[in-house]
Number of protein chains: 2
Amino acid sequence: MSGGVEWALHCCVALTSAEAPVPAARLAHLHDVSPTYLAKQLQALSRADLVRSVQGKAGGYILTRSPAQITVLDVVEAVDGPGPAFICTEIRQRGPLAVPAQSCTAPCVISRAMADAETAWRNALRTTSIADLARDVDADARSDISSWLNGAGA
Amino acid sequence: MSGGVEWALHCCVALTSAEAPVPAARLAHLHDVSPTYLAKQLQALSRADLVRSVQGKAGGYILTRSPAQITVLDVVEAVDGPGPAFICTEIRQRGPLAVPAQSCTAPCVISRAMADAETAWRNALRTTSIADLARDVDADARSDISSWLNGAGA
DNA sequence: GACGGGTTACTCGGATAATTATTGTCCGAGTAGCTCGGG
DNA sequence: CCCGAGCTACTCGGACAATAATTATCCGAGTAACCCGTC
């Protein structure tokens, strides 16, 4: 799994406490990570319409909708790609005992088991929203982040 | 996710129909995959004690226990590594608003959400055994594989 | 015919390269705010 | 004092390298079967 997912999630949680667009550089400074690489992740979030990018002098990134309506799954799929992690290469159709393609209407058993597991994983990520994450963050920390983002900052 | 997981699972299902040790080269031929790389995966299974490797002229690999007692999770963890896919780098302890380490007794919220999702994924993989997979394979195919493995082969 | 030593051929196992995905970086296009001159 | 054109500085966006993980490969160590000579 891409490590940028963690950065993106933290950024989304931080943006919960933002009232104006926050530049990528400031988010990078807040988390002490590579500014340019974080920009890449934020671009991915922008492409997925999770955040809105506004250019210009007072530009930056801001959430497009209520944090309660952005799931963790949305962020993960935006950064890591929506495709499944396990991809069936149809081994059953290869080799000396290859099953003819006409008999392969349903996906193979292994593919199904892996797909079911990933579905369970997705459902778990879908039940948690960015708002849920922000709610469980310590109140003091949220206050600090809010003032740091909206105020002058360090 | 490592693509070798698929190979390993197919091999385990095939070994269900084997009565004697099957060489890695034969399994590779059966699935039409790289023999040397498949050997690597089988070594991983051997290290995890899922299969038993027997050397010598009539050597090969064979399952160590009943297919019903080998879960898909066992195979996935043996090949892809037991560690979690998402690793928390403790971003909350970095940057200008770093949370002091003494306040970090519990894992951070994001880490928890991801860990819960992975647990759901693991549970789904744990409920399916190799025997379950073999049971859902077409009876004719199973018969063919059995005779191909135990007989002379093509 | 039965047994035992030696040979052989086949097996796995770990150490070793090639390829692909991830991580990290850079510079150009674009836009909003600010400045300054005019009315 | 109010307005607007021009400028400036700051922003994002995509194209470009460095690194790590995956994929693929090879050759040596070890072992069990087989063969053959002997009893």
Side-chain angles (χ1 to χ4, degrees), chain A residues 1-8 11 15 18 20-29 31-64 76 78-81 83-87 89 91 149 152-153, chain B residues 1-8 11 15 18 20-29 31-64 76 78-81 83-87 89 91 149 152-153:
Chain A
M1 153 131 8
S2 172
V5 171
E6 186 185 9
W7 297 9
C11 284
L15 286 177
V22 181
R26 180 167 278 240
L27 287 170
H29 182 210
H31 300 102
D32 188 24
V33 295
S34 170
T36 54
Y37 188 42
L38 181 64
K40 203 178 187 59
Q41 316 298 344
L42 292 171
Q43 284 168 28
L45 294 181
S46 176
R47 266 174 243 158
D49 278 325
L50 298 179
V51 300
R52 193 61 179 171
S53 73
V54 37
Q55 286 190 335
K57 196 163 190 176
Y61 290 98
I62 196 163
L63 298 177
T64 53
V76 172
V79 174
D80 247 33
F86 180 89
I87 48 163
T89 60
I91 283 185
L149 285 181
Chain B
M1 152 129 13
S2 172
V5 171
E6 185 185 10
W7 298 9
C11 285
L15 286 176
V22 181
R26 179 166 279 240
L27 286 171
H29 182 211
H31 300 101
D32 188 24
V33 295
S34 170
T36 54
Y37 187 42
L38 181 64
K40 200 177 189 61
Q41 316 299 343
L42 292 171
Q43 284 168 28
L45 295 181
S46 176
R47 266 174 243 159
D49 279 325
L50 298 179
V51 301
R52 192 63 181 169
S53 73
V54 37
Q55 286 191 333
K57 197 163 190 175
Y61 290 98
I62 196 163
L63 298 177
T64 54
V76 172
V79 173
D80 248 32
F86 180 88
I87 48 162
T89 60
I91 282 185
L149 284 181

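Just so it is clear, the values below take in all heavy atoms, side chains as well, and ignore hydrogens, waters and symmetry mates. Naming convention: chains lettered A, B, ... in sequence-line order (proteins, then strands); numbering from 1 in each chain. Source: prediction; values computed, not measured.
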What integer distance in Å separates B:Ile87:CD1 from C:dT23:P?
9 Å
Taking C-beta and beyond as the side chain, do B:Leu45 and B:Val79 meet within less than 4.5 Å on heavy atoms?
yes
Could you report the tightest heavy-atom contact between A:Ala48 and A:Ala78, atom names first, then the distance?
CB-CB, 3.6 Å
Gap between atoms CG and C1', on A:Leu38 and C:dT25 respectively (whole Å):
14 Å
Just to verify, what does B:Thr89 make a side chain to side chain donor-acceptor pair (under 3.5 Å) with, not counting sequence neighbours?
A:Glu6
Rounded to the nearest 0.5 Å, how far does CD of A:Gln43 lie from CG of A:Leu38?
10.0 Å
Just how far, in rounded Å, is C1' of C:dA21 from OH of A:Tyr37?
10 Å
Nearest heavy-atom neighbours spanning B:Ile91 and A:His31:
CG2-CD2, 3.4 Å
Whether each nucleotide of nucleotides 7-20 of chain D has a protein heavy atom under 4.0 Å at its base (B), only at its sugar-phosphate (S) or at neither (-) is summarised, 5' to 3', as ---SBBBBB-----
Take atom CG of B:Asp80 and atom C1' of D:dT22, then tell me their distance rounded to the nearest Å.
10 Å
Does B:Ser34 place a side-chain N or O at less than 4.0 Å from the phosphate oxygens OP1/OP2 of D:dT23?
no
How close or far is atom P of D:dA21 from atom CE of A:Met1, stated in whole angstroms?
16 Å
Rounded to whole Å, please give me the gap between CZ in A:Arg52 and P in C:dT31.
12 Å
Could you report the tightest heavy-atom contact between B:Asp49 and B:Thr64, atom names first, then the distance?
O-OG1, 3.0 Å
